[in-house]
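Data first, discussion second: the structure below is written as structure tokens.
Predicted, not measured: the structure shown is a model, and the values here were computed from it.
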Amino acid sequence: MPELIAPTETLQASWLAALAEWPAGAHQDGGGLRLAPGGDLADPAVFAQWVGTLRRQADSSATLGEGRVHATHWWIVEGEDYVGAIDLRHHLNDLLLHAGGHIGYSVRPSFRRRGVATWALGAVLPEARALGLERVLVTCDDANTASARTIERNGGVLEDVRPTAAGAKRRYWIAL
């Protein structure tokens with residue numbers, strides 16, 4: 001059974017194994033890789049610094065970089081296996097309103113088609129409600145039918161499909 005946990009240095013080996021499953025340069029929505037410091041994440045010190053950054057992003061008193069919003073990051077795990085990541089952005093800026101949404105998630109390739117993304121999205125919705133959000137925007141690439149089904153299974157109602165700098169995005173709202 002999967003569970004959501006805060007990012008932790010103890011899963012570095014499993015996280016690195018998961019990273020190796022993705023094509024080089026692939027975007028892992030919700031994973032927070034854009035927040036990684038320069039350096040090799042295989043280095044325990046660099047990995048620990050990145051994990052700390054992910055955890056601090058949820059702190060509403062923390063100052064964030066230009067264009068960033070506060071977000072809570074979770075790792076999806078099964079036992080000691082890193083399965084994926086999901087994040088909840090506490091509010092939307094213009095970029096997130098048009099392309100990224102409140103929630104982003106990704107599941108490592110070897111764990112797909114098991115309902116993990118559907119479960120994780122459903123598990124984060126009460127957290128969004130606890131932040132005071134009345135509805136959340138969740139987006140996916142227009143061609144990503146698996147993610148569209150995940151969102152729809154969690155009550156997502158399609159608002160539109162928009163062209164963005166990152167390609168056409170399906171934009172769904174989920175009432176909380």
Side-chain angles (χ1 to χ4, degrees), residues 1-4 7 14-36 41 50 54 57 65-78 81-129 131 133-176:
M1 182 77 186
E3 65 179 310
L4 298 179
S14 183
W15 185 91
L16 289 168
L19 181 65
E21 293 180 15
W22 291 82
H27 177 66
Q28 297 178 39
D29 200 14
L33 281 172
R34 292 182 180 159
L35 300 172
L41 288 171
W50 174 58
L54 292 177
Q57 246 206 322
E66 180 76 24
R68 302 273 181 213
V69 300
H70 289 97
T72 304
H73 295 267
W74 293 275
W75 285 357
I76 308 163
V77 299
E78 286 188 2
D81 288 324
Y82 171 90
V83 174
I86 188 164
D87 70 349
L88 169 61
R89 297 146 194 152
H90 299 184
H91 68 275
L92 300 176
N93 59 20
D94 282 340
L95 174 67
L96 295 173
L97 179 62
H98 294 288
H102 285 99
I103 299 172
Y105 54 85
S106 58
V107 174
R108 73 190 277 183
S110 63
F111 279 83
R112 292 183 183 163
R113 298 182 177 261
R114 300 182 191 184
V116 172
T118 300
W119 173 85
L121 178 56
V124 168
L125 295 177
E127 302 292 338
R129 190 175 311 110
L131 281 176
L133 299 175
E134 295 179 5
R135 64 183 189 151
V136 292
L137 176 66
V138 186
T139 70
C140 67
D141 291 344
D142 189 33
N144 189 341
T145 57
S147 191
R149 280 193 308 273
T150 291
I151 298 165
E152 291 165 357
R153 286 181 181 134
N154 278 285
V157 176
L158 182 66
E159 179 178 70
D160 60 17
V161 178
R162 291 188 184 179
T164 73
K169 297 289 182 181
R170 298 176 67 87
R171 297 174 67 255
Y172 291 89
W173 289 97
I174 300 175
L176 304 174

Geometric cation-pi criterion, Arg114 with Phe111: 6.0 Å, 45°: yes
Just so I know, are the side chains of [X] and [Y] near enough to count as touching, which here means a heavy-atom distance under 4.5 Å?
{"X": "Asp141", "Y": "Lys169", "answer": "yes"}
{"X": "Ile151", "Y": "Cys140", "answer": "yes"}
{"X": "Glu78", "Y": "Val116", "answer": "yes"}

Smallest separation among heavy atoms of [X] and [Y], with atom names:
{"X": "Arg108", "Y": "Trp22", "value": "CA-NE1, 3.9 Å"}
{"X": "Ala123", "Y": "Leu4", "value": "CB-CD1, 3.8 Å"}
{"X": "Tyr172", "Y": "Ala148", "value": "OH-CB, 3.4 Å"}

Going from [atom1] on [X] to [atom2] on [Y], what distance comes out if it is rounded to the nearest 0.5 angstrom?
{"X": "Leu131", "Y": "His91", "atom1": "CG", "atom2": "NE2", "result": "11.5 Å"}
{"X": "Arg135", "Y": "Trp173", "atom1": "CZ", "atom2": "CH2", "result": "4.0 Å"}
{"X": "Ile174", "Y": "Leu121", "atom1": "CD1", "atom2": "CG", "result": "4.5 Å"}

Among Asp29, Val136, Asn154, side-chain contact (heavy atoms from CB on, under 4.5 Å) partner for Ile103: Val136
Single hit among Arg162, Arg171, His98, Arg170 for side-chain contact (heavy atoms from CB on, under 4.5 Å) with Thr139: Arg171
Is the backbone N or O of [Y] less than 3.5 Å from a side-chain atom of [X], with the two atoms forming a donor-acceptor pair by type?
{"X": "Arg89", "Y": "Gly100", "value": "yes"}
{"X": "His102", "Y": "Leu88", "value": "no"}
{"X": "Trp15", "Y": "Pro7", "value": "no"}

Trp119: ring pair (Phe, Tyr, Trp, His ring centres under 6.0 Å) partners, not counting sequence neighbours: none
List the atom pairs, with distances to 0.1 Å, where a side-chain N or O of residues 69-77 and a protein N or O form a donor-acceptor pair under 3.5 Å, not counting sequence neighbours.
from, atom 1, to, atom 2, distance (Å)
His70, NE2, Asp59, O, 3.0
His70, NE2, Ala62, O, 2.8
Thr72, OG1, His90, NE2, 2.8
His73, NE2, Gln57, OE1, 2.5

Results of side chain to side chain donor-acceptor pair (under 3.5 Å) for Tyr82 - residues two or more places apart only: none
